[in-house]
Amino acid sequence: MSEELLYAGKAKSIYSSDKADELIVVFRDDITAFDGGRKDVIPGKGEYNAKVSARLYALLEEHGVPTHLLALEGPVRMRVRRLTMLPLEVIVRNIAAGSLVRNYPFVEGSPLDPPLIVIDFKDDSRHDPMLNDEIILALGLVTQQELEELKQLARRVNEVLRDLLAGLGIQLVDFKIEFGRDVDGRIRLGDEISMDSMRLWDSRTGASLDKDVYRFEKGDVLSTYGQVAARILGGE
Ligand SMILES: Nc1ncnc2c1ncn2[C@@H]1O[C@H](COP(=O)(O)OP(=O)(O)OP(=O)(O)O)[C@@H](O)[C@H]1O
Ligand SMILES: [Mg+2]
């Protein structure tokens, strides 16, 4: 196997594989918050995120959302299609929380109907500034048609995940996704959807079930991630 580390991000490492158009994503146990200002290692976290991400991407594929997922090849290794990633963070919000409440006069916990889609520029050195359609098009990041496609896919992802999680007693408050173009130029969902990238509240108690537990020291991060993984993976 010709595996070579291509990129080590904050929580995942990307390796080349035996096939030119396929990559291996390794979900590490590293966890960061506040633009990388806080870092820790939580042994076992990577496995929960890998398994949840694989399960959610398989479900999304069943619902017609093209993703990069090919196969989970072990507890933390995912084989994916190589994408040329778009430097965009597509955020979908069902309930006001986090930066939306810090930056605008929304009341935390109030429903957003229809859900809000916000797109940030994925650039840590610029602190991921929020974009708008005109800036995205002026930067030439995507075409007008692709921009509409991204938003439509994001809405679809939201519907599928919101329904699944609601049935498990979890409110999908908001989440971040990333897209890229595959070798045929087709837009696909890349990266991950996990407890690091979704904001989840227990429907009954309102308790945080995601990275906010780490950010705001609300409890045991690993056991929280484990409980969410158990609910999502069910009897797997
Ligand atoms: N299918 C794919 N093909 C190519 N690159 C991918 C694919 N899926 C995800 N990536 C990229 O791999 C990297 C994953 O690493 P990770 O998420 O740890 O780091 P990061 O994005 O640099 O940091 P962070 O997301 O924490 O701000 C990201 O840059 C992501 O855009
Ligand atoms: Mg990332």
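Counting starts at 1 for both ligands and their atoms, following the listed order. All values derive from a computational prediction rather than experimental measurement.
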Does ligand 1 come near enough to Ala11 that some N or O of the ligand is less than 3.5 Å from an N or O of the residue? yes
Is there at least one pair of N or O atoms, one from Lys12 and one from ligand 1, spaced under 3.5 Å apart? yes
Counting heavy atoms not belonging to Lys218, are there more than 12 under 6.0 Å from its NZ? yes
For a 4.5 angstrom cut-off between non-hydrogen side-chain atoms, does Met130 reach Ile119? no
Is Gly180 in contact with ligand 1, taking contact as a heavy-atom separation below 4.0 Å? no
Check the surroundings of atom CD in Glu62: do more than 12 heavy atoms from other residues, nucleotides or ligands lie under 6.0 Å from it? yes
Considering non-hydrogen atoms of the protein only, which is the closest contact for atom 29 (O) of ligand 1, and what is the distance? Tyr7 CE2, 3.6 Å
For atom 21 (O) of ligand 1, the closest protein heavy atom turns out to be Lys122 NZ, 2.6 Å
So is Arg82 polar-close to ligand 1, meaning N/O to N/O under 3.5 Å? no
Which label fits His68 and Tyr57: parallel for a plane angle under 30°, tilted from 30 to 60°, or perpendicular past 60°? tilted
Which protein non-hydrogen atom lies closest to atom 23 (O) of ligand 1, naming both residue and atom, and how far is it? Lys10 NZ, 3.4 Å
Please test Arg231 against Leu164 for side-chain contact (heavy atoms from CB on, under 4.5 Å), starting from the C-alpha separation and ending with a verdict. CA-CA 10 Å; Arg231 286 202 225 178; Leu164 168 82; over 6 Å; no
Could you identify the single nearest non-hydrogen protein atom to atom 4 (C) of ligand 1 and state the distance to 0.1 Å? Leu83 O, 3.2 Å
Near Leu23, which atoms of ligand 1 are under 4.0 Å from a heavy atom of that residue? 3 (N), 4 (C)
Is it true that Asp174 and Arg199 make a salt bridge, defined as a side-chain N closer than 4.0 Å to a carboxylate O? yes
re atom 30 (C) of ligand 1, the protein heavy-atom contact at minimum distance is Asp191 OD1, 3.4 Å
Given Lys211, Lys12, Lys45, Lys10, the one that forms side-chain hydrogen bond (donor to acceptor under 3.5 Å, both in side chains) with Asp196: Lys45
With a 4.0 Å cut-off on N to O distance, would you call Glu47 and Lys51 a salt bridge? yes
May I ask you to list the atoms of ligand 1 that are less than 4.0 angstrom from any heavy atom of Val80? 1 (N)
Under 4.0 Å from one or more heavy atoms of Ile14, ligand 1 contributes atoms 12 (O)
Using a 4.0 Å cutoff against the non-hydrogen atoms of Glu178, which atoms of ligand 1 qualify? 30 (C), 31 (O)
For Gly9, the ligand 1 atoms whose distance to one of its heavy atoms is below 4.0 Å: 15 (O), 16 (P), 18 (O), 19 (O), 22 (O)
Contact with ligand 1 for Glu192, non-hydrogen, under 4.0 angstrom: no
I'd like to know whether CD of Gln152 has more than 12 heavy-atom contacts from other residues, nucleotides or ligands below 6.0 angstrom. no
So which protein heavy atom does atom 7 (C) of ligand 1 come closest to, and at what separation? Met85 SD, 3.6 Å
Which atom pair, heavy atoms only, marks the closest approach of Leu116 to Leu112? CD1-CD1, 4.2 Å
